[in-house]
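Below, chains carry the letters A, B, ... as their sequence lines are ordered, and counting in each starts from 1.
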Protein chains: 2
Amino acid sequence: MVLVERDDTGVTLHDVTLHGITLHSVTLHDVAREAGVSYATASRALNGSDRTVRADNAARVRDAADRLGYTPDLSAQATARGSSSTVALVVSDIDDPYFSSIAAGVTEAATDAGLIVTMAIADRSPGLELQIVRALRGHRPRAVIIAGSRIAPAASTSAPASSASAAASAAAASASASASASDDDDTRAALIAELAAYQQAGGRVALISQDDLPFTTLAIDNTGGARQLALDLAGLGYRRFAIAHADDSIRTSHDRRLGFAAGLAEAGLPPPALLPTDFTRAGGRQAALDLIARGHGDLELVFAVNDVMAIGVMTGLRESGLLPGRDLAVAGFDDINAAVDVSPALTSVRVPLHELGRRALASALAEPPPHTTTDRASAAVSGPMSVPIPVEVILRPSTPTRRHP
Amino acid sequence: MVLVERDDTGVTLHDVTLHGITLHSVTLHDVAREAGVSYATASRALNGSDRTVRADNAARVRDAADRLGYTPDLSAQATARGSSSTVALVVSDIDDPYFSSIAAGVTEAATDAGLIVTMAIADRSPGLELQIVRALRGHRPRAVIIAGSRIAPAASTSAPASSASAAASAAAASASASASASDDDDTRAALIAELAAYQQAGGRVALISQDDLPFTTLAIDNTGGARQLALDLAGLGYRRFAIAHADDSIRTSHDRRLGFAAGLAEAGLPPPALLPTDFTRAGGRQAALDLIARGHGDLELVFAVNDVMAIGVMTGLRESGLLPGRDLAVAGFDDINAAVDVSPALTSVRVPLHELGRRALASALAEPPPHTTTDRASAAVSGPMSVPIPVEVILRPSTPTRRHP
DNA sequence: TTGAAAGCGCTACCAG
DNA sequence: CTGGTAGCGCTTTCAA
């Protein structure tokens with residue numbers, strides 16, 4: 001199966017015939033022979049950590065290496081070393097600007113660290129997410145970063161807002177959330193177990209925006225940001241609000257909704273009307289359509305718990321013949337790139353998505369090892385840390401200063 | 001370094017102490033012992049291709065495997081098999097909706113094929129792209145998909161349109177393109193060599209929208225789409241056009257520009273004014289600002305060679321006090337998700353990005369092996385194929401039907 | 001500082 | 001159909 005043929009230049013080629021395909025590549029062996037040193041020395045010169053190779057030998061090896069076009073086989077390195085040079089990134093939906101910005105940050109940081117990222121898409125399903133994390137184990141990644149879990153599976157999504165009044169729908173949302181609670185809890189427990197095992201095996205994990213799991217988490221200040229937004233909007237003169245939000249099983253939605261309500265209360269304003277819907281652009285649009293269809297009364301502003309929804313709201317408003325910003329103000333959360341592309345530009349709460357990605361990787365890598373051979377207790381001592389990610393309100397034309405009549 | 005300890009359940013744990021970190025994982029060895037069969041049999045039962053394991057044995061092995069929580073070490077598998085289970089995806093900028101949609105498609109298809117994708121970001125630099133492809137080799141991916149190369153490096157980007165008249169700038173753009181041509185050519189040649197070597201080694205490659213390289217390519221019908229767009233727009237009553245385009249070294253821009261001009265000619269209309277600028281949102285905005293600043297005369301419509309630029313144009317128009325669609329129509333190309341979020345919704349040429357990603361992976365995987373051991377000539381016979389990707393004009397409110405005065 | 005050789009976890013050959 | 005075993009390409013001890 002393996003035939004080693006030598007040509008006059010001393011270059012050795014390994015031709016591995018496999019399934020009828022001929023692979024062909026330069027190995028460390030070839031480099032060593034070409035450089036006239038041993039296998040071990042070549043290894044040390046090229047990828048060794050404790051560098052104890054004489055300068056001239058090292059040079060000859062490096063020389064031979066790139067004369068031959070040698071690239072270390074990372075898989076082999078990984079098996080030999082017991083740890084790979086990859087990090088795994090799990091996102092709900094790479095086609096969502098929120099996640100693609102995070103992915104950009106993670107990838108950038110990984111590249112800087114000499115790591116390469118493997119990406120998987122959980123499609124907003126905790127079940128799939130769990131499955132992915134399991135499959136990922138096989139790659140023995142140095143770290144796994146999960147962005148955007150804790151999204152209710154499709155089945156448990158709240159009933160469309162169209163079918164009921166705001167108040168009734170909110171109740172329905174809670175009900176459907178508890179209906180699937182036990183399934184969700186199972187998945188959640190399994191994910192925790194999986195991640196814990198992975199961590200035990202030396203892996204690092206960082207979660208983005210899921211402060212309810214016992215792992216290092218980058219916690220976006222959803223509550224504080226929404227609260228501040230409410231306060232700032234009140235300062236602009238707004239008095240009557242509605243919130244387009246998703247099922248409470250989506251922590252992000254839940255926290256932002258509560259934070260916003262808290263800010264309103266703090267400003268001495270009445271509680272907002274609730275517009276329960278999906279956590280998507282379509283959800284936002286539908287919420288707006290329904291709202292206008294049944295009459296929005298004296299409502300002045302709709303806060304959607306994320307920008308994608310807010311953009312949906314703007315679209316829905318327009319389809320209903322209303323001009324966002326003028327007839328009804330709109331605000332979102334996340335400050336995705338598109339926030340400045342819509343018109344009027346969208347007021348939002350800026351989350352440093354790109355930076356968040358960078359820091360997620362950094363935090364994971366910086367995590368203390370699970371335990372050293374000598375000190376098994378240390379792991380328990382330094383528990384999962386929470387990295388707070390501050391956010392910032394960005395006022396834009398979608399919420400113009402309001403002159404009260 | 002390796003100590004094997006056996007506990008009463010028969011489970012064996014390998015504790016590998018490395019750099020002071022203790023890894024810990026279940027190997028095939030453990031599974032084999034737990035199931036009471038040989039190593040080889042366990043391997044066959046779990047991941048073998050030619051399945052010749054007695055049913056009861058197979059069952060016992062599977063059983064043991066998930067009792068122990070065994071996951072094959074993919075790196076080890078890859079070294080042993082000589083081929084990995086990953087595909088590499090190189091995109092210019094994952095935070096750009098064009099690429100993130102493609103990435104979603106590739107990832108989806110990869111998951112379906114049981115492959116996992118490693119992603120790298122070339123940051124729109126051919127140099128970086130080359131570097132990445134080189135680094136990727138180490139992972140021995142089954143296939144590499146490159147989306148969006150042939151983007152001029154920052155240094156050779158055309159001069160800002162603001163500094164000159166449209167005509168003069170166009171000349172400048174060509175000039176700067178040729179100025180950096182030799183550097184570009186070097187990089188290009190190196191990339192081709194690298195990819196060819198990779199292919200020789202059994203790898204598959206698919207390129208998206210770079211029909212000038214000798215590899216399987218998914219060729220978006222840029223020329224035809226732009227031509228059809230021009231024709232349709234003419235049908236709507238438009239007569240005087242401008243094109244916001246980028247440096248001609250960016251093939252995509254070049255082809256779309258020429259296709260559009262051809263369509264105009266075909267419709268018996270005068271050639272478009274040229275607005276050379278950057279291939280980005282900022283570029284589009286700047287082009288619009290400059291255009292309005294020096295007076296757009298009787299211009300009726302601006303075609304930007306991609307949606308991101310078109311959205312920039314709309315923003316620039318608004319900043320100049322013009323209403324896109326009413327005062328000046330705007331059209332783009334790509335039909336990214338955001339095209340329907342802006343207002344008025346953007347007329348564009350739909351490129352099936354998600355599907356494109358799926359097909360890119362499929363095409364790469366379907367590629368004939370470079371050559372079999374017996375038939376070295378076959379590779380030359382079945383050269384690189386070009387997979388045409390049809391596009392479709394989508395008319396939206398940013399280009400309302402025009403009544404001529 | 002170097003070379004020999006024993007691993008890493010797994011696959012695939014060869015006898016039986 | 002099964003077990004033994006020689007690889008895969010690399011790292012890292014261990015003596016020299």
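Residues B:Leu195 and B:Phe215 come closest through the heavy atom pair CB-CZ, 3.3 Å. Nearest heavy atoms, A:His139 versus A:Thr86: O-OG1, 4.4 Å. The shortest non-hydrogen separation linking B:Ile121 to B:Ile132 is O-CD1, 3.3 Å.
Side-chain nitrogen and oxygen atoms of A:Arg81 include none within less than 4.0 Å of the OP1 or OP2 phosphate oxygen of D:dC10. Under 4.0 angstrom from either OP1 or OP2 of D:dA6 there lies no side-chain N or O belonging to B:Tyr39. Between A:Gln77 and D:dT11, a side-chain N or O to OP1/OP2 separation shorter than 4.0 Å is present. For the pair B:Asn57 and D:dT2, the criterion of a side-chain N or O lying under 4.0 Å from OP1 or OP2 is met. For D:dG9, the OP1/OP2 oxygens have no side-chain nitrogen or oxygen of A:Thr27 closer than 4.0 Å. Residue B:Thr41 places no side-chain N or O under 4.0 Å from the OP1 or OP2 atom of D:dT2.
Comparing C:dG7, C:dT1, C:dC10 by their nearest atom to the side chain of A:Ala80 picks out C:dG7.
Nearer the 5' end of DNA chain C, as judged by each residue's closest nucleotide, is the contact made by A:Ala40, out of B:Thr71 and A:Ala40. Residue-to-nucleotide proximity on DNA chain D shows that, of B:Ala76 and B:Ala55, the 5′-proximal contact is made by B:Ala55. Remark on DNA chain D: of its neighbouring residues A:Pro72 and B:Ala42, the 5'-side contact belongs to B:Ala42, judged by nearest-heavy-atom nucleotide.
Regarding B:Asp30, its CG atom lies at a distance of 9 Å from the P atom of C:dG9, rounded to whole Å. If you measure from atom CG of A:Leu74 to atom P of D:dC10, you get 10 Å, rounded to the nearest angstrom. Here C:dG9 presents its P atom at 17 Å from NE2 of A:His139, a figure rounded to the nearest Å. Rounded to an integer number of Å, the gap from CG of B:Leu28 to P of D:dC8 is 19 Å. What separates CG of A:Leu68 from P of D:dG9 is a distance of 14 Å, to the nearest Å. When the C1' atom of C:dG3 is taken as reference, atom CZ of A:Arg44 falls 8 Å away, rounded to whole Å. The distance from atom CG of B:Asp73 to atom C1' of D:dG9 is 14 Å, rounded to the nearest whole Å.
Side-chain contact between A:Tyr70 and A:Leu46 is present, with at least one heavy-atom pair separated by less than 4.5 Å. When side chains are defined from C-beta on, B:Asp73 counts as touching A:Arg140, because their heavy atoms get closer than 4.5 Å.
Direction change of the helix axis from one end of the helix from C:dT1-D:dA16 to C:dG16-D:dC1 to the other is 40°, with five pairs defining each end axis (rounded to 10°).
At least one donor-acceptor pair closer than 3.5 Å links the side chain of A:Thr111 to the backbone N or O of A:Thr107.
For A:Arg140 and C:dG9, a side-chain-to-base donor-acceptor distance below 3.5 Å is absent, hydrogens and geometry of angles not being considered.
Applying the salt bridge (charged side-chain N to carboxylate O under 4.0 Å, His left out) test to A:Arg358 and every residue at least two apart in sequence or in another chain returns A:Glu108, A:Asp112. Shown here are the salt bridge (charged side-chain N to carboxylate O under 4.0 Å, His left out) partners of A:Arg67, two or more places apart in sequence or in another chain: A:Glu34, A:Asp63.
Across all strands shown, A:Thr79 has heavy atoms under 4.0 Å from base atoms, whether or not it also approaches the sugar-phosphate.
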